[in-house]
Chemist: 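Sharing a structure with you now.
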Amino acid sequence: MFGGFDINFVIFGVMPYVALTIFVVGSIVRYERDPFTWKSSSSQLLRRKQLFWGSILFHVGILTVFFGHLVGLFTPIRVLDAFGIPYALKQWMAVLIGGPAGIAALIGSTMLLHRRLVEPRIRVTSTFPDILIMVLIWLQLAIGLLTITQTLQHMDGAEMVRFMTWSQSVVSWNINAWVTVVNVHWLYKLHIFLGLIITALFPFTRLVHIWSGFAAPVRYLLTRPGYQIVRSRRQRPLRERRRAFDRLQAEHPPSTTPTAE
């Protein structure tokens, strides 16, 4: 019955759709059910210098890596051919830009993770998902940097084309997309697998605040300049609640204790 079972099909053929479904549906459900948790809790009053440098290195590095992957994987191959861009050149750009960005993000994530684990006051306020997602991101960055050792052995761009074909086949619902990456090095496979795990965990961790970063320019700058939008679960109008508070204050005025001289 299971003679033809292939774990590669599960990871690279089925798991991408499961992870993306959880990513989208989970984000929507969390926003509707728990809007007040749609944030990254601040701890900037503690170890501020380490937070400052760690946050800058991490965010600049991780954003460069993310958009580099996004453009690199989902640019149609025919576009490269149309503009005459050699695959080897694109491969070198990925190494020369992605490498330093990945190192910066890894250093920054190390500082942030160290700060969260070592500082007792931050450790107490940290949840298990907070620490888990930071550890997974750290591992993902480390593995991504290790894949450069394999990339340098295939600078003709052949491996890059494989991953572009796989990514674009997944989003175009090609059921045989997984066959493209069956024979790649295990470091690449682990990198993809861990990326899918992080994608699936996204709605249940502090990573959801990334959505706010994309929505803020549209919502605050264009539609409601000068305002901060806050969702409330209260059913009574604000004016009615103010009247009720004033009546309560009139019936039970606050007591004053004379100051001892």
Chemist: Under a 4.5 Å side-chain heavy-atom rule over Ile, Leu, Val, Met, Phe, Trp and Tyr, are Trp53 and Leu63 clustered together?
Modeler: yes
Chemist: Does Leu96 belong to the same Ile/Leu/Val/Met/Phe/Trp/Tyr cluster as Leu89, with side-chain heavy atoms less than 4.5 Å apart forming each link?
Modeler: no
Chemist: Which residues pass the side chain to side chain donor-acceptor pair (under 3.5 Å) test with Lys90, not counting sequence neighbours?
Modeler: none
Chemist: Enumerate, atom names and distances included, each donor-acceptor pair closer than 3.5 Å involving a side-chain atom of residues 100-107, sequence neighbours excluded.
Modeler:
none

Chemist: Looking at residues at least two apart in the chain, or sitting in another chain, which of them share a side chain to side chain contact (heavy atoms under 4.5 Å, CB included) with Phe204?
Modeler: Ile22
Chemist: List the atom of Pro203, the atom of Phe23, and the distance in Å for their closest heavy-atom pair.
Modeler: CG-O, 3.7 Å
Chemist: For the CD1 atom of Ile137 and the CG atom of Leu132, what is their distance to the nearest 0.5 Å?
Modeler: 9.5 Å
Chemist: Does Leu141 belong to the same Ile/Leu/Val/Met/Phe/Trp/Tyr cluster as Ile148, with side-chain heavy atoms less than 4.5 Å apart forming each link?
Modeler: yes
Chemist: Using side chain to side chain contact (heavy atoms under 4.5 Å, CB included) as the criterion, list what pairs up with Asp156, not counting sequence neighbours.
Modeler: His154, Ala158
Chemist: Holding to side chain to side chain contact (heavy atoms under 4.5 Å, CB included), I want the full list of residues that pass it with Thr21, two or more places apart in sequence or in another chain.
Modeler: Val25
Chemist: Is there a path of hydrophobic side-chain contacts, each under 4.5 Å between heavy atoms of I, L, V, M, F, W or Y residues, that connects Phe52 with Ile62?
Modeler: yes
Chemist: In chain order, what residues pass the side chain to side chain contact (heavy atoms under 4.5 Å, CB included) check against Gln91, with sequence neighbours excluded?
Modeler: Thr151, Met155, Met160
Chemist: Nearest 0.5 angstrom please: Met134 CE to Leu117 CG, how far?
Modeler: 8.0 Å
Chemist: For the CZ atom of Phe163 and the OG atom of Ser167, what is their distance to the nearest 0.5 Å?
Modeler: 8.5 Å
Chemist: Determine whether Tyr188 and Arg162 make a side-chain contact, defined as any pair of heavy atoms from C-beta on separated by less than 4.5 Å.
Modeler: no
Chemist: From Asp130 CG over to Leu113 CG, what is the distance, rounded to the nearest 0.5 angstrom?
Modeler: 11.0 Å
Chemist: Decide yes or no on side-chain contact (heavy atoms from CB on, under 4.5 Å) for Lys189 and Asn8, but give the supporting numbers first.
Modeler: CA-CA 9 Å; Lys189 292 184 177 181; Asn8 289 290; 3.1 Å; yes
Chemist: Would you mind writing out the side-chain donor-acceptor pairs for residues 65-83 within the sub-3.5 Å range, not counting sequence neighbours?
Modeler:
| residue | atom | partner | partner atom | Å |
| --- | --- | --- | --- | --- |
| His69 | ND1 | Val65 | O | 2.8 |
| Thr75 | OG1 | Val71 | O | 2.4 |
| Asp81 | OD1 | Tyr87 | OH | 2.8 |
| Asp81 | OD2 | Tyr87 | OH | 3.4 |

Chemist: Starting at CD1 of Ile97, measure out to CH2 of Trp92 and round the result to the nearest 0.5 Å.
Modeler: 13.0 Å
Chemist: Does Asn174 have any side chain to side chain donor-acceptor pair (under 3.5 Å) partners at least two apart in sequence or in another chain, and if so, which?
Modeler: none
Chemist: Would you tabulate the side-chain donor-acceptor contacts of residues 175-187 under 3.5 Å, counting partners in other chains and residues two or more places apart, or write 'none'?
Modeler:
| residue | atom | partner | partner atom | Å |
| --- | --- | --- | --- | --- |
| Thr180 | OG1 | Ala177 | O | 3.0 |
| His185 | ND1 | Leu187 | N | 3.0 |

Chemist: Does Thr205 reach the main-chain N or O of Phe202 with its side chain, forming a donor-acceptor pair under 3.5 Å?
Modeler: yes
Chemist: Provide the closest heavy-atom pair for Trp166 versus Pro16 in the form atom of the first, atom of the second, distance.
Modeler: CZ2-CG, 3.8 Å
Chemist: Can you list every side-chain hydrogen bond (donor to acceptor under 3.5 Å, both in side chains) pair that touches residues 133-142, not counting sequence neighbours?
Modeler: Thr110-Trp138, Gln140-His191
Chemist: Atom CG of Leu112 and atom CZ of Arg115: how far apart are they, to the nearest 0.5 Å?
Modeler: 7.0 Å
Chemist: Locate the shortest heavy-atom distance separating Val60 from Thr64; write the atom from each residue and the value.
Modeler: O-OG1, 2.8 Å
Chemist: Pairs of donor and acceptor atoms involving the side chains of residues 192-201, under 3.5 Å and at least two apart or interchain, shall be tabulated with distances.
Modeler:
| residue | atom | partner | partner atom | Å |
| --- | --- | --- | --- | --- |
| Thr199 | OG1 | Gly195 | O | 2.8 |

